[in-house]
Amino acid sequence: MDNANKNRKNEDSGRLDFIRAIVSEDLRTGKWDGRVVTRFPPEPNGYLHIGHAKSICLNFGIAAEFGGRCHLRFDDTNPEKEEQEYVDSIIEDVRWLGWDWGEHLYFGSDYFEKMYEYAVRLIEKGKAYVCDLNAEQTREYRGTLTRPGKDSPYRSRTVEENLDLFERMRKGEFPDGSRTLRAKIDMAHPNLNMRDPVMYRIVHADHHRTGDKWCIYPMYDWAHGLEDSIEQVTHSICTLEFENHRPLYDWFLDELGAYHPQQIEFARLNLTYTVMSKRKLLRLVQAGHVSGWDDPRMPTICGLRRRGYSPQAIREFARRIGVNKFNSTVGIALLEHCLREDLNRTSPRVMAVLRPLKVVIDNYPEAKVIELQAVNNPEDPAAGTRKVPFSRELYIEREDFMEEPPKKFFRLAPGREVRLRYAYFVKCVDAVKDADGNIVELHCTYDPATRGGDAPDGRKVKATLHWVSAQHALDAEVRLYDNLFTKENPDEVGDGGDFAANLNPNSLEVLKSCKVEPSLAGAEPLSRFQFERLGYFCADPDSAKERPIFNRTVTLRDTWARIQKAQELG
RNA sequence: UGGGGAAUAGUGUAACGGUAGCACGACUGACUCUGGAUCAGUUAGUCAAGGUUCGAAUCCUUGUUCCCCAGCCA
């Protein structure tokens, strides 16, 4: 059994998370007649991020595991913030993550007529009324956390008057904000959500799907439970901040005598070194701190995709973080671990030099070019091999040579022999410097007997270097990314500052004169590779045929970097 | 100050009255034609104080700390 399976077995032998435990128990008792119906209900007012991925994997995952279904439903009840562009991106992202909702794509706005009818029923029942208080007055009447509110002067209107007024609200007879429809519950309720919450507000705005058909729009609390009810959802899973809203969710459906799903709340995801709120992400985009929603430094799904993340890595991450009712912050290291785990299995290896240093093999014939066989993926024999050209002039990584190597530096140095991967043993005989003392070129000799990388006499080298043949190399741009923020918690700032103060000025480094092996010509946008010894990279959609651009997804685990760091510290 | 939630190694999570386990991280070592991967090992925890019990992370009491709520946002 390999390690991943062993881990999975250990983890899965434990109990289900608390939500799955509820679903499992409901299935056992037949509470929902054996049905499991969940839903992922985004508002189409922004792009999805890794936090949404947690919710998506939870909802679609539960449906898949328990033989149920999961709806993708757009909670589009606020025409002023929502746009078709977001609908499209959300559909693309959920699909990219690998989930399927079959026929079950829904829009809250498709239920507006039904919601209106339900509202009429509530009015007829004497449980809702049209209120003429404006927004500010409504707030004043609501009271505070510690002081009860007081009844609206319009609370005791007759059913007939309410019916008439509500119908005229719908017809557009009143200006924005002039009236609302409110539930009649209890203005002294300790839960502020129960103090006669607004059900409808008047907004004369075009909706991205219903156009100008409506000028009254339902509030979240009124709409959401009805959407769940209409779709016969069994488990309505949402984040912790809606816990305070559950009594209202229940109240509406109970008063209506409608089908009544169970709302269950879980803690949203927080990740170190990043921000997750829509507001903050929007600000990063608008202030130009990143190039857009799909900037590879963004925790958005489209950003992660462009960075080179695989759906499998994100799903595995979502599985491992679990689900709970208390706030926690997961280390970005776990996400990166899941990433490397998947990419190591699946990425073809390739050689690329980020900071080139020219090497001349003095004893190698001028015009001779040979092709060496290289393994595409040592983790996957089926990936096969490829030919890599070798010639007299090569590029190696600048940092793979040191004139005065410190202890534990195993790579190239004057007089030292190393292996060029899949090629030959080479020994450094000279380092050419410019007027300023910078090393501009290395001269080496090679041992023809070591072709392929092994010495017949059995001698060993301590390092293997990646390289590319100078005359065959492709020029490329490579973008190196680091955390967007310098602090684990970007919100940790001094007085007066905000998260922008913790932006990492070095989160992006662009290398414009990289040399990559010729097989990378025409790499498909978003295709993923491992650049040997460096990390995982992903072809950026900005790539041109003759000049590819690669984003560094994540580095390889780098033991030498750690040793170096330790040496610097003393 | 009212109401609603929640506290287990550095981090994330199991244990539902019976040996506090797993993963990530960090650190050792083995192996290696990637200083990758892999393998072996080390590290470190029940918010606090009482109580019930043969036995408590788990049940009870009191306290502490943290999160959410006063949009005609979701």
Side-chain angles (χ1 to χ4, degrees), chain A residues 2-3 7 10-11 13-15 17 21 41-43 45 75 77-78 80-82 131 133-136 138-140 142-149 176-182 189-195 197-203 217 219-221 223-224 238-247 265 267 272 278 320-331 333-338 340-341 344-345 349 351 374-375 378-379 408-411 419-423 452-454 460-466 488 530-535 555-563:
Chain A
D2 67 24
N3 201 44
N7 293 342
N10 287 340
E11 286 168 31
S13 66
R15 291 179 65 89
D17 63 65
E43 182 190 13
N45 71 342
D75 202 359
T77 57
N78 185 351
E80 296 182 305
K81 290 187 177 172
E82 297 153 6
C131 179
L133 257 24
N134 64 30
E136 192 184 332
T138 304
R139 191 182 332 119
E140 283 163 9
R142 186 157 33 230
T144 69
L145 294 178
T146 51
R147 294 271 165 268
D176 288 4
S178 60
R179 289 182 220 262
T180 56
L181 182 73
R182 301 176 69 180
H189 200 107
N191 180 341
L192 304 225
N193 294 127
M194 301 295 273
R195 319 244 260 229
V198 172
M199 294 165 61
Y200 280 93
R201 74 278 210 184
I202 299 172
V203 181
Y217 290 92
M219 298 290 291
Y220 168 87
D221 287 304
H224 203 90
C238 60
T239 44
L240 246 31
E241 65 269 28
F242 292 105
E243 212 154 17
N244 295 324
H245 296 246
R246 181 158 24 99
E265 310 85 10
T272 56
K278 273 182 191 172
R320 287 209 202 184
I321 58 177
V323 33
N324 240 318
K325 284 196 71 116
F326 47 89
N327 299 305
S328 59
T329 303
V330 179
L334 181 61
L335 214 209
E336 293 183 341
H337 168 81
C338 296
R340 291 191 181 102
E341 185 179 59
N344 176 51
R345 268 198 328 257
R349 314 283 122 133
M351 291 198 284
V375 173
E379 305 294 322
K408 290 188 180 171
F409 181 87
F410 303 146
R411 283 109 96 142
R419 172 171 37 234
L420 293 180
R421 178 137 233 225
Y422 300 124
D454 283 308
K460 302 286 183 195
V461 288
K462 294 201 78 173
T464 300
L465 271 39
H466 62 277
E488 273 200 21
Q530 184 197 98
F531 288 2
E532 294 220 26
R533 302 211 302 136
L534 296 174
T555 61
L556 253 22
R557 227 170 126 261
D558 190 346
T559 307
W560 167 240
R562 247 185 297 219
I563 293 170

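In what follows, chains carry the letters A, B, and so on, assigned in the order in which the sequence lines appear, proteins first and then strands, with residues in each chain numbered from 1.
Counting heavy atoms from C-beta outward, A:Arg349 and A:Val375 have side chains that stay 4.5 Å or more apart. Between A:Arg533 and A:Leu465 the shortest side-chain heavy-atom distance falls below 4.5 Å. Inter-residue side-chain proximity for A:Glu140 and A:Asn134 is flagged as unmet; no heavy-atom pair is nearer than 4.5 Å. Using a 4.5 Å heavy-atom threshold, the side chains of A:Leu335 and A:Val330 count as separate. A:Thr555 places a side-chain heavy atom less than 4.5 Å from the side chain of A:Arg340.
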What pairs of nitrogen or oxygen atoms, one from the protein and one from nucleotides 64-66 of chain B, lie under 3.5 Å apart?
none

Below 3.5 Å between N/O atoms, which protein atoms pair up with nucleotides 27-30 of chain B? Just atom names and distances, please.
residue	atom	partner	partner atom	Å
B:C27	OP2	A:Arg562	NH1	3.4

*Kindly express the pairing pattern of RNA chain B in dot-bracket notation, using | wherever a base pairs with another strand and counting only Watson-Crick or G-U pairs under 3.5 Å.*
.((((((..((((....[..))))((((((.......))))))...(((((..]....))))))))))).....
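Closest to the side chain of A:Leu192, from the set B:U34, B:G2, B:A74, is B:G2. Taking the side chain of A:Gln530 as heavy atoms from C-beta on, and the options B:U34, B:A74, B:U13, the nearest nucleotide is B:U34. Between B:G36, B:C24, B:G3, one nucleotide has an atom nearer to the side chain of A:Arg320 than all others, and that is B:C24. Closest to the side chain of A:Asn344, from the set B:U34, B:A37, B:G4, is B:A37. In the set B:U34, B:G36, B:G4, B:G4 carries the atom at the smallest distance from any side-chain atom of A:Glu243. Of the candidate nucleotides B:A74, B:A6, B:U34, B:U34 has the atom lying nearest to any side-chain atom of A:Glu532. Side-chain proximity of A:Met219 to the nucleotides B:G35, B:A74, B:G4 is greatest for B:A74. The side chain of A:Lys325 has B:A6 as its nearest neighbour among B:A74, B:A6, B:A37. Ranking B:C24, B:C68, B:U34 by closeness to the A:Glu241 side chain, first place goes to B:C68. Closest to the side chain of A:Asn324, out of B:C73, B:G35, B:A14, is B:A14.
Residue A:Thr77 places at least one side-chain N or O under 4.0 Å from the OP1 or OP2 atom of B:A74.
Within the 4.0 angstrom heavy-atom criterion, only backbone atoms of the sugar-phosphate kind lie near A:Arg142; the bases stay farther away. A:Gly331 comes within 4.0 angstrom of the backbone, heavy atoms only, and of no base. Across all strands shown, A:Asn45 has no heavy atoms under 4.0 Å from either base or sugar-phosphate atoms. Contact annotation for A:Thr559: backbone-only contact, meaning every heavy-atom pair under 4.0 Å involves sugar-phosphate atoms and none involves a base. As judged by a 4.0 angstrom heavy-atom cut-off over every strand, A:His245 is placed among the base-contacting residues. Residue A:Lys408 is classed as a base contact, given a heavy-atom separation below 4.0 Å to a base. Looking at heavy-atom distances under 4.0 Å, A:Tyr200 makes no contact with the nucleic acid at all. At a threshold of 4.0 angstrom between heavy atoms, the contacts of A:Leu420 with the nucleic acid are absent.
Minimum heavy-atom separation, A:Val203 to A:Tyr217: O-CE1, 3.3 Å.
Scanning atom types as modelled, one donor and one acceptor separated by under 3.5 angstrom connect the side chain of A:Arg349 and the base of B:U34. For A:Asn191 against B:C69, no side-chain N or O and base N or O form a donor-acceptor pair under 3.5 Å. Between the side chain of A:Arg411 and the base of B:G35, at least one donor-acceptor pair of N or O atoms lies under 3.5 Å.
Taking atom P in both B:U11 and B:G45, the straight-line distance is 12 Å, to the nearest Å. Here, B:U53 and B:G17 have their C1' atoms 9 Å apart, quoted to the whole Å. Taking the P atoms as reference points, B:U8 lies 11 Å from B:A14, given to the whole Å. B:G5 and B:A9 are spaced 24 Å apart, taking the P atom of each and rounding to whole Å. Atom name C1', nucleotides B:C16 and B:G10: the rounded distance is 27 Å, in whole Å. Look at the P atom in both B:G71 and B:G63: the space between them is 31 Å, to the nearest Å. Comparing the P positions of B:C27 and B:A37 gives a spacing of 13 Å, expressed to the nearest Å. B:A40 and B:U32 have their C1' atoms separated by 15 Å, with the value rounded to a whole Å.
Residues forming a side chain to side chain donor-acceptor pair (under 3.5 Å) with A:Glu241 (at least two apart in sequence, or on another chain): A:Thr239, A:Arg268. Residues satisfying the salt bridge (charged side-chain N to carboxylate O under 4.0 Å, His left out) test with A:Glu265, not counting sequence neighbours, are A:Arg246, A:Lys325. Considering only residues two or more places apart in sequence or on other chains, A:His245 meets the ring-ring contact (aromatic ring centres under 6.0 Å, His included) condition with A:Phe242.
Of the residues near RNA chain B, A:Pro190 and A:Asp558, the one whose nearest nucleotide (by heavy atom distance) lies more toward the 5' end is A:Pro190. If you find the closest nucleotide of RNA chain B to A:Gly322 and to A:Arg147, the one lying nearer the 5' end belongs to A:Arg147.
An aromatic stacking contact links A:Trp560 with the base of B:G35, defined here by ring centres under 5.5 Å apart and ring planes under 30° from parallel. Aromatic stacking is not marked for A:Phe326 over B:A7, as the cut-offs of 5.5 Å for the centres and 30° for the planes do not both hold.
Taking the syn range as angles within 90° of 0, the glycosidic angle of B:G71 is syn.
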_Test log, rule side chain to side chain contact (heavy atoms under 4.5 Å, CB included), inputs A:Leu556 and A:Gln530_ = CA-CA 9 Å; A:Leu556 253 22; A:Gln530 184 197 98; 3.8 Å; yes
